[in-house]
Each structure stands twice: as C-alpha cells, then as structure tokens.
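The structure under discussion appears below in the form of structure tokens.
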Amino acid sequence: MGEITKAKRKMNSQVDTRSVLETANERASTRRALLTVGLIFIVSLTALFYVYMSFPKLEEDEKQHMKLPLYIEDAKNLGKLLGRYKDLYYFQVLAGVFITYIFLQTFAIPGSIFLSILSGFLFRFPVALLLVCTCSAIGATLCYLLSSLLGRRLLYRYFPEKANEWTVIVSKHRDNLLNYMLFLRMTPLLPNWFINLASPVIGVPITPFIVGTFFGVAPPSFVAIQAGQTLHKLTSSSDAWSWNSIIMLCAFALLSLVPVLYKQKLKQKFE
C-alpha cells in the first residue's frame with residue numbers, strides 16, 4: 001500500500017509540474033503574440049504618419065478634416081479636401097487611401113465603408129473597385145494572421161457560441177469553403193471583422209480566405225463606390241443602399257452557392 005501511495009503521489013507531482021510548465025509556456029506565448037501585435041500596430045501607425053507627412057502642406061482650416069472618416073460628414077469633408085489635391089498629388093492621395101484602408105481592416109477598426117464611398121468619389125470606377133477589393137483582401141489577410149497569433153483565446157472567451165457554431169459549419173463544408181466565403185462576404189450574416197478574426201481559429205485555410213475575400217467584397221463595394229459618385233448628396237452611409245442594390249447582392253450571394261448545390265445534387269445522384 002505504501003508503494004502504491006508513493007507512486008500515486010509521484011504521478012500527481014508529475015502532472016502538477018507538467019500543468020505548471022504548460023501554463024508558463026502559454027503565458028509566454030501570449031506575451032510574444034501581444035508584443036508582435038503591438039509591434040505591427042506601431043509599424044502601421046508609422047506608415048500612416050509617413051503618408052501624412054509626405055502630403056503637401058495644408059492650410060490651418062484644412063487640417064481639421066484630415067482624419068479617419070467615422071461619419072458621413074467626415075467623409076464629405078475629407079473628400080472635398082483630397083479632391084482639391086488629387087490632380088497634382090494623385091499617387092500621394094491614392095497611397096493615403098490604400099494604407100489607411102489596410103490599417104482599418106487589419107485592426108478591425110470601423111470606418112472602411114466610408115473609405116469605399118470616398119474611393120468612388122475620388123477615383124474612376126475601375127480604379128476604385130480594384131483599390132477597395134485589394135485593400136480588403138490585404139487587410140483581412142493581415143487580420144487573419146494576427147488572429148492566428150492571438151485570436152483563439154479572444155474568440156472563445158467573448159464569442160464562444162458563434163465560434164462553435166461556425167466551426168461545425170466549416171467542418172461540414174470544408175470542400176466548398178471558397179463558395180461559403182464568397183457568400184458570407186456578400187451578405188450581412190456575419191460582420192467582416194468577425195470573419196477575419198474567426199477564420200484562422202476555426203480552421204479556414206488562407207487561400208480560399210484571400211480569394212473569397214477579394215471577389216466576395218466586390219458586389220457590396222460596387223454599391224458603396226457607386227454611391228460615392230454622389231457623395232455630396234448622402235446624409236448617412238445607409239443612403240448608399242437601395243432595394244435594387246440589396247436585390248443585386250442577394251442574387252450574387254445565391255449565385256455563389258449554385259456550384260455547391262449542384263455538386264451536392266451530383267453526389268446524391270451517384271451514391
């Protein structure tokens with residue numbers, strides 16, 4: 001009996017030691033992830049500051065409008081300001097929108113919808129659409145990579161039900177993830193920031209994530225950019241949406257699922 005008791009105590013001691021080591025490793029990993037995210041944030045802010053400093057000298061009454069647009073009035077004022085400088089400093093304006101858009105997407109900061117509208121006001125439609133889709137894909141991918149460092153702990157702590165629900169969906173439709181990513185980007189079922197944060201945690205591969213984001217954001221971006229061509233008439237971001245645009249998005253979203261439904265039908269036929 002004494003030997004058995006000693007063996008049990010030894011096993012419990014080993015388990016406790018292993019648990020302490022795992023906890024210490026997890027804390028160290030969390031600290032490294034936080035430091036990495038913080039470093040990327042500082043580098044991003046530095047890039048924004050560089051773009052701001054490389055811009056031509058502004059008048060005193062113009063400086064107040066040189067800020068991230070969080071409301072439609074901010075977007076209007078910024079649009080008027082950038083519109084005055086666009087012809088002489090085209091690439092500076094383009095680079096400013098590009099870097100700012102990626103910054104907002106990377107750190108899930110609200111306001112990218114206003115930059116989409118602003119792009120439609122400042123640039124020709126094909127340029128604006130390519131700009132918004134590219135920025136969305138790059139920013140979402142960077143957010144995906146940051147989330148792969150730190151996201152699991154945050155996601156399961158604050159959104160456990162949604163995380164578990166979407167994990168089940170991913171496991172069921174792993175062969176059709178590109179189509180489902182397109183569908184989610186075109187519809188408001190889940191916010192884009194949640195998709196960016198959740199995807200690496202629940203096992204969405206990066207390739208369908210990037211491709212699905214680039215093409216999936218195109219239809220809603222089409223609507224926002226088109227609205228930007230009449231920016232001065234808008235009173236809120238919701239003015240960009242009409243029944244025609246909502247019907248168009250629904251049609252594109254359903255089309256993205258047609259290959260999935262067709263594949264399932266063929267599978268049932270041959271089984």
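Each residue takes its place number in the sequence, starting with 1.
Taking every heavy atom of both residues into account, H65 and L78 meet most closely at O-CD1, 3.4 Å. Closest heavy-atom contact between A224 and I113: CB-CD1, 3.9 Å. Residues C143 and N196 share a closest heavy-atom pair of SG-CB, 3.6 Å. Between S119 and V97, the closest heavy-atom pair is OG-CG1, 3.7 Å. The heavy-atom pair separating G212 from L178 by the smallest distance is N-CD1, 3.5 Å. Heavy-atom minimum distance, S221 versus V132: OG-CG1, 3.2 Å.
Residues passing the side chain to side chain donor-acceptor pair (under 3.5 Å) test with N77: none are found, sequence neighbours excluded.
Distance alone, capped at 3.5 Å, is enough to place a donor-acceptor pair between the T213 side chain and the F209 backbone. For the pair S148 (side chain) and L145 (backbone), a donor-acceptor distance under 3.5 Å is present. Panel note: side chain K86, backbone V93; no donor-acceptor pair is recorded below 3.5 Å.
Hydrophobic clustering of Ile, Leu, Val, Met, Phe, Trp and Tyr side chains at less than 4.5 Å, counting indirect connections, unites L118 with F123. No continuous path of hydrophobic side-chain contacts links L70 to I72 [ILVMFWY only; heavy atoms under 4.5 Å]. Y89 is connected to V127 through a chain of hydrophobic side-chain contacts under 4.5 Å among Ile, Leu, Val, Met, Phe, Trp and Tyr, so both are in one cluster. A continuous path of Ile, Leu, Val, Met, Phe, Trp and Tyr side chains, each step under 4.5 Å between heavy atoms, connects I109 with F49, placing both in one hydrophobic cluster. Criterion: ILVMFWY side-chain heavy atoms under 4.5 Å apart, direct or through other members. Under it, L146 and V43 are not part of a common hydrophobic cluster.
Using the six-membered ring where Trp is involved, F103 and F41 have ring planes that are tilted, between 30° and 60° apart.
With rounding to the nearest 0.5 Å, the separation of CZ in F215 from OG in S136 is 13.0 Å. Atom CG of L130 sits about 11.0 Å away from atom CZ of R124, to the nearest 0.5 Å. Atom OG of S199 and atom CD1 of I206 lie 10.0 Å apart (nearest 0.5 Å). From Y144, atom OH reaches atom CD1 of I210 across 8.5 Å, with rounding to the nearest 0.5 Å. The OG atom of S112 sits 10.0 Å away from the CD1 atom of I117 when rounded to the nearest 0.5 Å.
No side-chain heavy atom of Q105 sits less than 4.5 Å from a side-chain heavy atom of L142. Side-chain contact between L82 and F121: absent, with no pair of heavy atoms (C-beta onward) separated by less than 4.5 Å. Using a 4.5 Å heavy-atom cutoff, the side chains of L115 and P69 are in contact. A heavy-atom distance below 4.5 Å is not found between the side chains of P208 and M181. Proximity of F222 to V217: side-chain heavy atoms (C-beta onward) are nowhere separated by under 4.5 Å. Residues L48 and S44 form no side-chain contact, since every pair of their non-hydrogen atoms from C-beta on lies 4.5 Å or further apart.
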Carefully, step by step, assess F114 and Y101 under the rule ring-ring contact (aromatic ring centres under 6.0 Å, His included). CA-CA 10 Å; F114 297 112; Y101 204 117; over 10 Å; no
Test log, rule side chain to side chain contact (heavy atoms under 4.5 Å, CB included), inputs I102 and I99: CA-CA 5 Å; I102 291 175; I99 292 174; 5.9 Å; no
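More than 12 non-hydrogen atoms from other residues, nucleotides or ligands lie less than 6.0 angstrom from OH of Y90. In Y85, the OH atom is crowded: over 12 heavy atoms of neighbouring residues, nucleotides or ligands sit closer than 6.0 Å. No more than 12 heavy-atom neighbours from other residues, nucleotides or ligands sit within 6.0 angstrom of OH on Y50.
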